[in-house]
Amino acid sequence: MTRDLRTGPPAVDRGRVALLRAQAHRVLAGNWREGSLADGTPYGFTCPAPPRYRHQWYWDSCFHAIVWRHFQPARAREELRTLMRGGRLDGFIPHTIFWSDGAGWRRAPFYATHSLRGNRGTAHIQTPLLALAWELVAAESPDEPGFATEALDGLRLHYDWLGRHRDPDADGLISIIHPDESGLDDSPKYDAVFGWMSHYLPGYFWLVERSRRLRYDSRAIIARYDEHVEDVMVNVFYALALRALARLTGDDAYRTRAVRTERALVELCWDDERGLFWDLAGAKHAPLRVSTWSSLAPLALPSLPEPIATRLIEEHLLHPRRYRAPHGIPSVSMEEPSFQAGWHLFRCWRGPSWLNTVWLLVPALRRFGYESDADRIVASCIELVERHGFREYYNPMNGEGLAARRFGWSTLLVDLLGGADCGTVPANDDPFVGSVRDELRAMGAEAAGEAARRLNRRAAAAAAAARRLRSG
Ligand code: GLC
């Protein structure tokens, strides 16, 4: 039933694969949280990385479930069921759900919730790949064959809600109204749209407040304000999920919707001159011409015309000045002035390599016949994890592991390795809680390293300028 996207793992030593799998399992097991609310509602999910990320995030949970299905399919199922349970009866599912822990008071004003207190979840969305994850998990659930069909009504409602509320101009592309709805929070592609209300600036508070005042009615927000984006990566996942839903339900209407979204991406977002896909901003569909990995995401679409794929791959993904970095795939083209390889306290997605990017793009590289490049990228990621563990992201130039430790979705690497026959080491189920002090210490070390590197770069540039002056 399911099209396995993760074909053709590279030939990696079985012992190394087994170790990586065991470590991945340990990370997921340590981050697993389960219990029930006062009203008896049960929950079970993997928090992305305690203590920094303690709640349930929509797209993180989908990625976690995709990996859990290799170790304990029952947990994969529970993770997705919990995500559905956190949604509303009309099909809306939040970006973040607060189960056991409330939103911390310091961050609460910046959470896109209806009010400052007492919310079970946020009132905005995240990249909607639930149906895709559901299908992949269902395929590993021979012990519960009913899983594939038990939530079809809920899944239909979810994707119908998205179509109804997030595509008011009916062009087949859904819109985001806050930059973090894509999950690519601080990407430089959003700077021109959200400006002083960008996710990493204090003005984000006003963006949230503005949405609160309109009760997060996305059609009203889109009609009234121009800060909204038809995001390429979001729509790629949306189309993949619609296709999965069509297969799960047998309802061709979802396939037709997927094809419509895929066509719209090519017709409206593809720039034949630059050879890239651009997000479209506002009512006028202004292209956001900043090359980020989002511009390459359509490679994952089964219907992408081969000439377009070839250009994306040869002119960008494998181009040494753009995305062909020593480690992973940078989140922003190295050629962009906004590209920043290292860590930054308030900004992410401005250059570092993330493993969900590799997970989406590497199978596409294989599909189009670039096996050895796919192997090279996966091998570079194996090295990253062996050296630094499952970090939130990595410096694509020097391979340094950055930001959160024991980060859940970085375990997606094992989904690219195959090796289901390697067996798994039972993971210790003690929850990992981490400590804020350790976290702050690690952040301090990263900040100091980054500052020192910047100073060195400046000193080297000054020395070069002085040399030029002397010789000129
Ligand atoms: C960061 C990421 C976002 C992710 C969240 C939880 O905010 O940008 O994509 O969902 O962390 O891991």
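Both counts, for ligands and for their atoms, begin at 1 and track the order of listing. Fair warning: this is a prediction, and the values are worked out from it, not measured in the lab.
For H327 and Y394, the gap between ring centers reaches or exceeds 6.0 Å. Taking the six-membered ring wherever Trp is involved, the centroid distance between the rings of W161 and H165 falls below 6.0 Å.
Nearest to atom 9 (O) of ligand 1 among the protein's heavy atoms is G183 O, 2.6 Å. The single protein non-hydrogen atom nearest to atom 7 (O) of ligand 1 is D185 OD2, 2.8 Å, given as residue, atom name and distance. Here the heavy atom of the protein found nearest to atom 8 (O) of ligand 1 is W349 NE1, 2.9 Å.
Backbone and side-chain nitrogen or oxygen atoms of P48 are examined, and none is located within less than 3.5 angstrom of a nitrogen or oxygen of ligand 1. Considering backbone and side-chain atoms alike, W354 places every N or O at 3.5 Å or more from each N or O of ligand 1.
Residues T41 and R85 have side chains that never bring a donor and an acceptor to within less than 3.5 angstrom of each other. Side-chain N/O atoms of D180 and Y204 include a donor and acceptor closer than 3.5 Å.
In the candidate list T127, D60, L184, D60 is nearest to atom 12 (O) of ligand 1, counting heavy atoms.
Within ligand 1, counting atoms from 1 as listed, the ones closer than 4.0 Å to a heavy atom of Y53 are 1 (C), 6 (C), 11 (O). Taking a cut-off of under 4.0 Å to the non-hydrogen atoms of F407, the atoms of ligand 1 that pass are 12 (O).
Note on D90 versus R88: salt bridge recorded, some NZ/NE/NH1/NH2 to OD/OE distance being below 4.0 Å. With salt bridges taken as basic N to acidic carboxylate O contacts below 4.0 Å, none links D191 and R347. Using a 4.0 Å cut-off between charged side-chain N and carboxylate O, R75 and E79 make no salt bridge.
In this structure, H95 does not count as a contact residue of ligand 1, since none of its heavy atoms falls inside 4.0 Å of the ligand.
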